[in-house]
Amino acid sequence: KRIFRKNEMKRITLDIETSNDFMEVAFDPAKLDLALICIHDSETNEYSSYTQEELPKLWPILEKADVLVGYNSDHFDLPLLDKYYPGNLFTIKSVDIMKEVKEAMGRRLKLDNIAQATLGRGKTGDGLQAVKWWKEGKVELVRQYCIEDVRLTKEIYEYARKNKSLKYRDFDGVREVKLDTSQWEKAGAAALTHT
């Protein structure tokens, strides 16, 4: 078990799965519903998951975070989660790795592309499959898929912080995108206490 040092930033890496898909809601992200959220807490070094009904247990954990880390999280995960939150999650500092990559190279890349090239392994499924599993009552499959996405995101984040770059696959092989990670773990806004 790793030891959390007092001066370390408390980082929550997160990913959300929905109980419906974009086609069902006429491509309006505001109409998507949360199935579950999975997180990694850097302080405890543990993975956990929360269904919609269990969200009240999640809020105090997020409120103690110094930074929220995700992949396409500023555009997707955080706005969706914020629908359920009694305060404003956008007051917590966030690092959206997809956004960082897009700013550095001018285009968006899929998590799977970066994971395969950087870590040598990729996603274990996709969001549409997860929605199908959820509707079939296969909650444990959705949970495992979501936790694996959180694990990939966490490891990609750690790789980027250490190497100041990520790898991705292009038409002619694996390439590297340089990233400025210097602000990723600089203190942001004060912690919240809305719950």
Side-chain angles (χ1 to χ4, degrees), residues 9-18 20-23 25-32 34-40 42 62 65-83 85 88-131 145-189:
M9 303 254 315
K10 180 178 169 83
R11 187 174 72 242
I12 300 293
T13 307
L14 56 84
D15 185 51
I16 281 176
E17 299 307 325
T18 61
N20 50 1
D21 64 47
F22 276 109
M23 288 177 280
V25 296
F27 298 93
D28 181 355
K31 291 183 180 164
L32 288 171
L34 180 128
L36 58 79
I37 175 172
C38 294
I39 69 164
H40 174 269
S42 67
L62 295 186
D66 295 305
V67 62
L68 303 176
V69 175
Y71 201 89
N72 195 26
S73 49
D74 286 358
H75 180 72
F76 181 76
D77 303 78
L78 293 177
L80 180 55
L81 191 57
D82 201 51
K83 284 190 341 183
Y85 182 62
N88 177 5
L89 288 174
F90 290 97
T91 60
I92 305 172
K93 178 179 176 138
S94 73
V95 174
D96 180 340
I97 301 170
M98 178 190 259
K99 193 160 105 178
E100 297 287 329
V101 168
K102 184 177 187 275
E103 285 172 11
M105 64 183 291
R107 64 187 172 112
R108 294 162 49 125
L109 292 173
K110 291 182 174 188
L111 174 63
D112 194 51
N113 181 334
I114 288 179
Q116 293 274 4
T118 304
L119 306 174
R121 66 181 205 284
K123 288 168 60 75
T124 57
D126 64 59
L128 287 176
Q129 182 66 59
V131 170
Y145 163 69
C146 190
I147 283 177
E148 192 51 37
D149 271 6
V150 171
R151 192 182 320 276
L152 290 175
T153 303
K154 171 190 167 288
E155 290 177 21
I156 286 168
Y157 177 89
E158 289 166 350
Y159 182 98
R161 289 256 307 141
K162 182 179 175 192
N163 298 284
K164 311 285 186 254
S165 68
L166 287 171
K167 295 177 184 174
Y168 66 98
R169 187 165 297 287
D170 215 339
F171 301 109
D172 56 355
V174 173
R175 293 178 169 235
E176 192 174 47
V177 56
K178 296 286 183 199
L179 297 172
D180 177 7
T181 63
S182 62
Q183 299 302 308
W184 287 13
E185 294 204 5
K186 290 271 192 286

Inset, instruction - For the pair N113 (side chain) and R169 (backbone), establish whether a donor and an acceptor sit closer than 3.5 Å, ignoring hydrogens and angles. - result: yes
Legend entry - Straight-line distance of D112 CG to Y71 OH, nearest 0.5 Å: 10.0 Å
Inset, instruction - Locate the shortest heavy-atom distance separating A65 from I92; write the atom from each residue and the value. - result: O-CG2, 3.9 Å
Inset, instruction - Assess whether salt bridge (Lys or Arg N to Asp or Glu O under 4.0 Å) is satisfied between D66 and K93, documenting all intermediate values. - result: CA-CA 7 Å; D66 295 305; K93 178 179 176 138; over 6 Å; no
Legend entry - ring-ring contact (aromatic ring centres under 6.0 Å, His included) partners of Y157, counting only residues at least two apart: W184
Inset, instruction - Identify the heavy atoms of F90 and N88 that sit nearest to each other, and give their distance. - result: N-OD1, 2.9 Å
Legend entry - Y145 (side chain) donor-acceptor with G127 (main chain) under 3.5 angstrom: yes
Inset, instruction - May I ask you to test the F76-D96 pair for a side-chain heavy-atom distance under 4.5 Å? - result: no
Legend entry - Note, R121 side chain near L152 side chain (heavy atom, < 4.5 Å): yes
Inset, instruction - Rounded to the nearest 0.5 Å, what's the gap from NZ on K83 to CG on L34? Could you check? - result: 8.5 Å
Legend entry - Beyond-backbone contact of L68 with S73, side-chain heavy atoms, under 4.5 angstrom: no
Inset, instruction - Would you kindly say whether E148 and T124 are connected by a side-chain donor-acceptor distance under 3.5 Å? - result: no
Legend entry - Pair S182, D180: side-chain N/O donor-acceptor within cut-off below 3.5 Å: yes
Inset, instruction - Grab the two heavy atoms, one from L14 and one from D77, that are nearest each other, plus how far apart they are. - result: CD1-CB, 3.8 Å
Inset, instruction - Work out which heavy atom in K31 is nearest to a heavy atom in N20; give both atom names and the distance. - result: O-ND2, 3.4 Å
Legend entry - R108 side chain near N72 side chain, heavy-atom distance below 4.5 Å: yes
Inset, instruction - To the nearest 0.5 angstrom, please state how far the CD1 atom of I114 sits from the NZ atom of K167. - result: 12.5 Å
Inset, instruction - Supply the atom-to-atom distance I39 CD1 to C146 SG, rounded to the nearest 0.5 angstrom. - result: 10.5 Å
Legend entry - Atom pair CD (E103) and CE (M105), whose distance is rounded to the nearest 0.5 Å: 13.0 Å
Legend entry - Closest non-hydrogen atom pair between L179 and E100, with its separation: CD2-O, 3.6 Å
Inset, instruction - Output all residues satisfying side chain to side chain contact (heavy atoms under 4.5 Å, CB included) with D172, sequence neighbours left out; order by chain, then residue number. - result: D170, R175
Legend entry - K102 atom NZ: more than 12 heavy-atom contacts under 6.0 Å: no
Inset, instruction - State the CE-CG distance between M98 and L111, to the nearest 0.5 angstrom. - result: 8.0 Å
Inset, instruction - Apply the side-chain hydrogen bond (donor to acceptor under 3.5 Å, both in side chains) test between E158 and each candidate in K154, K162, R161; give the one that qualifies. - result: K154
Legend entry - Least distance between heavy atoms, V131 atom then T18 atom: CG2-O, 3.4 Å
